[in-house]
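Shown next, in structure tokens, is the structure this report addresses.
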Amino acid sequence: MAIISRGFTGRHRDESERLPPGQYLVEDFPVLSAGPTPRIPPDRWEFAIDTEDGQTHRWSWPEFMQLPTETPTVDIHCVTKWSKLDTTWEGVSLDVLFEDVESAAEYALVYSYGGYTTNLPVEDLLDGKAWIVHRFDGEELEPRHGGPARLIVPHLYFWKSAKWVRGIRLLNEDWPGFWETAGYHNYGNPWREQRYEGD
Ligand SMILES: Nc1nc2c(c(=O)[nH]1)N[C@H]1C(S)=C(S)[C@@H](COP(=O)(O)O)O[C@H]1N2
Ligand SMILES: [Mo]
């Protein structure tokens, strides 16, 4: 009789294999903010996508709340080396927000209330890879974690997941964001340990 070990079938769910190089697991949820937490009342909140030829698509909070949501469960990896597995969010896929956007731009600059920015290729926002979320772990997203709404792009280091997100500017050329200008890697793939410029 063949002996099939449970460890074999569960192999790909093994925590150690889900941890990118140089990372360690945390159970808590650290807060990393480069400045004070902005407070944005929902009646003043808006999200916009600005295209390379000057078109703007805008959503007020009530409009945003009417969009279909998903509840992704994902692993997140901070460049300061903590990773958190199976975080559950609720929000709108960028695929939904880009549905009526006509653009051939390859680059995106994400901007936040409070002035934070981060850049990434447009393709890293599409095809089920990114969401604008307003709930975490079944609760309203706390202001310190980016509420009322933040971007999550879990396949890149977590600095790309802009808190208090306000909009996305589509560009024909790549404009480095806040940390990317300060020496962080331009792309930030945790599996290749792309932490800093030159990695
Ligand atoms: N607007 C804004 N977004 C941000 C940051 C920030 O300082 N401002 N920090 C980034 C970094 S470095 C990380 S690791 C995560 C931290 O998110 P958390 O505070 O919810 O853990 O947010 C990212 N998004
Ligand atoms: Mo970070």
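Atoms within each ligand, like the ligands themselves, are counted from 1 in listed order.
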Item to check | Any pair counted as side chain to side chain donor-acceptor pair (under 3.5 Å), so long as it reaches residues 125-140, sequence neighbours left out | outcome: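 Checked against side chain to side chain donor-acceptor pair (under 3.5 Å) - neighbours excluded - the pairs reaching residues 125-140 are Glu70-Trp131.
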Item to check | Between Glu180 and Trp159, a side-chain donor and acceptor under 3.5 Å | outcome: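 Their side chains do contain a donor-acceptor pair, which is all the 3.5 Å distance test asks for.
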For ligand 1, run through the N/O pairs with the protein that fall under 3.5 Å and put one pair on each line.
from	atom 1	to	atom 2	distance (Å)
ligand 1	1 (N)	Lys163	O	3.0
ligand 1	3 (N)	Lys163	N	2.8
ligand 1	7 (O)	Ala34	N	2.7
ligand 1	9 (N)	Leu32	O	3.2
ligand 1	17 (O)	Arg150	NH2	3.2
ligand 1	19 (O)	Leu32	N	2.9
ligand 1	19 (O)	Lys163	NZ	2.6
ligand 1	20 (O)	His145	ND1	2.6
ligand 1	20 (O)	Arg150	NH1	2.7
ligand 1	21 (O)	Pro30	O	2.6
ligand 1	22 (O)	Arg150	NH2	3.2
ligand 1	24 (N)	Ser161	O	3.0

Checklist entry - When Tyr111 is tested against each of Thr118, Thr117, Asp50 for side-chain hydrogen bond (donor to acceptor under 3.5 Å, both in side chains), which residue passes? => result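 Running side-chain hydrogen bond (donor to acceptor under 3.5 Å, both in side chains) over Thr118, Thr117, Asp50 with Tyr111 returns exactly one hit, Asp50.
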Checklist entry - Can you name the ring-ring contact (aromatic ring centres under 6.0 Å, His included) partners of Phe98, sequence neighbours left out? => result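 In terms of ring-ring contact (aromatic ring centres under 6.0 Å, His included), with neighbours along the sequence ignored, Phe98 is linked to no residue.
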Checklist entry - Is the backbone of Leu25 close enough, under 3.5 Å, to the side chain of Lys84 for a donor and an acceptor to pair up by distance? => result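 No, the answer is negative, given that no donor and acceptor are paired below the 3.5 Å cut-off.
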Checklist entry - Which ILVMFWY residues can you reach from Val31 by hopping between side chains whose heavy atoms are under 4.5 Å apart? => result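 Under the 4.5 Å side-chain rule, Val31 groups with nothing.
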